[in-house]
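Start at 1 and go down the list; that is how both ligands and their atoms are numbered.
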Amino acid sequence: MRNSETPKTYRVKSFGCQMNVYDGERMAEMLNDKGLSPAAEGDDADLVVLNTCHIREKAAEKVYSDIGRLTKGDKNPMIAVAGCVAQAEGEEIMARAPAVGMVVGPQAYHRLPDMLDRAVKGERGTDTDMPANAKFDVLPQRRRVGPSAFLTVQEGCDKFCTYCVVPYTRGAEISRPFTDLVTEADRLVANGAREITLLGQNVNAWSGEDATGHEIGLDGLIRALAALPDLERIRYTTSHPNDMSEGLIAAHGEVDKLMPYLHLPVQSGSDRILKAMNRSHTTQSYLKLLDRFRKVRPDIALSGDFIVGFPGETGKDFEQTLKLVDAVGYAQAYSFKYSPRPGTPAASMDNAVPKEVMDERLQRLQAALNRDQLAFNQRSQGQNCDVLVERQGKLPGQWLGKSPWLQSVFFTGEAAIGDMVRVHLAQAGPNSLRGELKQTVAA
Ligand code: SAH
Ligand code: SF4
Ligand code: F3S
């Protein structure tokens, strides 16, 4: 490990889910407060934080190869490993990779600045404690953000799906207090956010007390944030079918700022497999839930997650997944091959599905999902919609933003990052739409 002078520049590399992106931003804010500055693009950083994900296989291998690349030749940056691999395999990383000076888990990263002080003196350190909510009490205030910002409101998982590492790496479910969240959202908006995505491993399990001491759920929090005048859009992810409330469904019909989009993972269309996964919902209960959303918000875009090749999944089970996909008509979805994770119950189940079968099933599933995604985009063609401008496109005068349904929209015309503009959607592709600027809705 490097143990000389205090690093001056840093880079945080976040992998995995949006919560890791949020955590990466918070670590960057702490390092800024400590006087470090972000390394310029293309430059080597004095301190590299690898903010890792453990959800699927080869997570640890990837960390070791990143460390190898960072220390190639005579390069010698200080390296911190954070995130879910740090939580799950921190001790092994410390033992195997002498170049790593700090290992810090997702619930302990507020201690990174202190660990850095010790690392500068040559003391390596591992912190994988899980003090619930502690980090949020001491993290610095939010700084300048883009037009679309993340806000972690709920963290951890008590569901223990048999394939999943998250309950072990993120810990038990906790909800951040209402007032803290309103304050952080306020800061985000003051710093340029026009859209906030509320994050949680089971975000719809969020609960708290509002300013008057009333018990509220996620819908109550959404309604309170909708009152922030300069906030234009609210989203939330990821929800679990079993934590869905009447109030949250109703909010989709009543709160204009709540975008017509729902990411609701289902994983499989076979009840037998859902049971083996410990999902505790059925295909029928899932479909019924979606119907309730569609009733209050007929244009809602639906998204989901799927796993193919869970142990024991037969061809018949898989056909049921395809049937479910046909029944829903997703606007967008993620699909993965099952990956056995050490320490999870599914990892020791019999009847593993051969790799070639998994490959073939994934291909068929993705073909069906792509077909539906294109069809969804084609239905938007010819309409006008509001687009929040997030960045410049590659072509001159081109901008990229998101529609209310989270579609990427490219358009050309007079605009700026953070504008809400009205765009005529002229042409639909599988992953994006192209349009023409009609007018700026609000500056
Ligand atoms: N909390 C969220 C998702 C967390 S992980 C939820 O329950 O919906 C994101 C996605 O990764 C999961 O929805 C699942 O589809 C996938 N995933 C998780 N563990 C996996 C594994 N062992 N193999 C393959 N995919 C997995
Ligand atoms: Fe993992 Fe299931 Fe929890 Fe989602 S609900 S994080 S898939 S254990
Ligand atoms: Fe990965 Fe951890 Fe997120 S395992 S998906 S970074 S919660």
Quick note on ligand 3: atoms under 4.0 Å from a heavy atom of Gln201 include exactly 7 (S)
Does this structure show an ion pair linking Asp66 with Lys62, if we count only N-O contacts that are shorter than 4.0 Å? yes
Test: Arg361 and Asp359 ion pair at under 4.0 Å: no
Show me which atoms of ligand 2 lie under 4.0 Å from any heavy atom of His240. 5 (S)
Relative to the heavy atoms of Phe160, which atoms of ligand 2 are at a distance of less than 4.0 Å? 8 (S)
How about Tyr236 and His252: are their ring centroids closer than 6.0 Å? yes
What is the distance from atom CD1 of Ile93 to atom CD1 of Ile79, rounded to the nearest 0.5 Å? 11.0 Å
Which protein non-hydrogen atom lies closest to atom 4 (Fe) of ligand 2, naming both residue and atom, and how far is it? Arg279 NH1, 4.4 Å
In the protein, what heavy atom is nearest to atom 5 (S) of ligand 1, and what distance, to one decimal place, separates them? Ile55 CD1, 3.5 Å
Provide the number and element of each atom of ligand 3 under 4.0 Å from a heavy atom of Cys84. 2 (Fe), 4 (S), 6 (S), 7 (S)
Just checking Glu92: does its CD atom have more than 12 heavy atoms from other residues, nucleotides or ligands closer to it than 6.0 angstrom? yes
Identify, for atom 7 (S) of ligand 3, the protein heavy atom at the shortest distance, and state residue, atom and that distance. Arg170 NE, 3.3 Å
Return yes when Gln18 approaches ligand 3 closer than 4.0 angstrom through a heavy atom, no otherwise. no
Looking at atom 7 (S) of ligand 2, what's its closest protein heavy atom, distance included? Tyr163 OH, 3.3 Å
For Arg341, atoms of ligand 1 separated by under 4.0 Å from a heavy atom: 22 (N)
For the residue pair Asp46 and Tyr10, confirm or rule out a side-chain donor-acceptor distance under 3.5 Å. no
Sub-4.0 Å heavy-atom approach of Val166 to ligand 1: no
Element-labelled atoms of ligand 2 that are located less than 4.0 Å from some non-hydrogen atom of Asn202: 5 (S)
For residues Pro265 and Ser239, report the shortest heavy-atom separation together with the two atoms involved. CD-O, 3.3 Å
Among Tyr163, Phe336, Phe306, the residue with a heavy atom nearest to atom 20 (C) of ligand 1 is Tyr163
If the cut-off is 4.0 Å to any non-hydrogen atom of Cys17, which atoms of ligand 3 fall inside it? 3 (Fe), 5 (S), 6 (S), 7 (S)
Decide whether Gln154 and Asn202 meet the rule of one side-chain donor and one side-chain acceptor closer than 3.5 Å. no
Nearest non-hydrogen protein atom, atom 1 (N) of ligand 1: Gln201 O, 2.8 Å
Measure from NZ or CZ of Arg96 to the centre of the six-membered ring of Tyr64 and say whether it is under 6.0 Å with the direction within 45° of the ring axis. yes
Between Phe306, Tyr261, Phe376, which is the residue that forms a ring pair (Phe, Tyr, Trp, His ring centres under 6.0 Å) with Tyr330? Phe306
Nearest-neighbour protein heavy atom for atom 15 (O) of ligand 1, which is reported as residue plus atom name and distance: Gln267 OE1, 2.7 Å
Under 4.0 Å, heavy atoms only, figure out whether ligand 3 is touched by the backbone of Met19, its side chain, both or neither. neither
Nearest protein heavy atom to atom 21 (C) of ligand 1, by residue and atom, and its distance? Ser339 O, 3.6 Å
Nearest non-hydrogen protein atom to atom 8 (O) of ligand 1, with distance, is Pro265 CG, 2.9 Å
Output the list of atoms in ligand 3 that are nearer than 4.0 Å to some heavy atom of Cys53, sorted by atom number. 1 (Fe), 4 (S), 5 (S), 6 (S)
Around atom 7 (O) of ligand 1, find the nearest protein heavy atom and jot down its residue, atom name and distance. Arg279 NH1, 3.6 Å
Does a donor on one side chain and an acceptor on the other come within less than 3.5 Å for His263 and Gln332? no
Can an N or O of Asp305 be found at a distance shorter than 3.5 Å from an N or O of ligand 1? yes
Lys/Arg N to Asp/Glu carboxylate O, Arg142 vs Glu25, below 4.0 Å: yes
Going by the 4.0 angstrom heavy-atom rule, the piece of Pro265 near ligand 2 is neither
One finds that the ligand 3 atoms under 4.0 Å from a non-hydrogen atom of His54 are 1 (Fe), 4 (S)
Any side-chain donor-acceptor pair under 3.5 Å between Gln87 and Thr169? no
Starting from atom 1 (Fe) of ligand 2, find the nearest protein heavy-atom neighbour and note its residue, name and distance. Cys164 SG, 2.3 Å
Can you sort out which atoms of ligand 2 are near Pro167, meaning under 4.0 Å from one of its heavy atoms? 8 (S)
With distance as the sole criterion, is a donor-acceptor pair present between the side chains of Thr283 and Asp271 under 3.5 Å? yes
Residues Glu29, Arg26: salt bridge by 4.0 Å N-O rule: yes
Which residue holds the protein heavy atom closest to atom 24 (C) of ligand 1, what is that atom called, and what is the gap in Å? Lys337 O, 3.3 Å
Just jot down the ligand 3 atoms closer than 4.0 angstrom to any heavy atom of Asn20, in number order. 6 (S)
To the nearest 0.5 Å, tell me how far Ser14 OG sits from Asn51 CG. 4.0 Å
State whether Phe318 and Arg364 meet the cation-pi test: NZ (Lys) or CZ (Arg) under 6.0 Å from the six-membered ring centroid, and within 45° of the perpendicular axis. no
Short N/O distance, under 3.5 Å, between Arg56 and ligand 1? yes
of all protein heavy atoms, closest to atom 2 (Fe) of ligand 2 is Cys161 SG, 2.3 Å
Atoms in ligand 2 flagged as close to Val166, the criterion being non-hydrogen separation under 4.0 Å: 6 (S)
Among all protein heavy atoms, pick out the one at the shortest distance from atom 3 (Fe) of ligand 2; state its residue, atom name and that distance to 0.1 Å. Cys157 SG, 2.2 Å
With ring centroids as reference points, do Phe336 and Phe310 lie under 6.0 angstrom apart? no
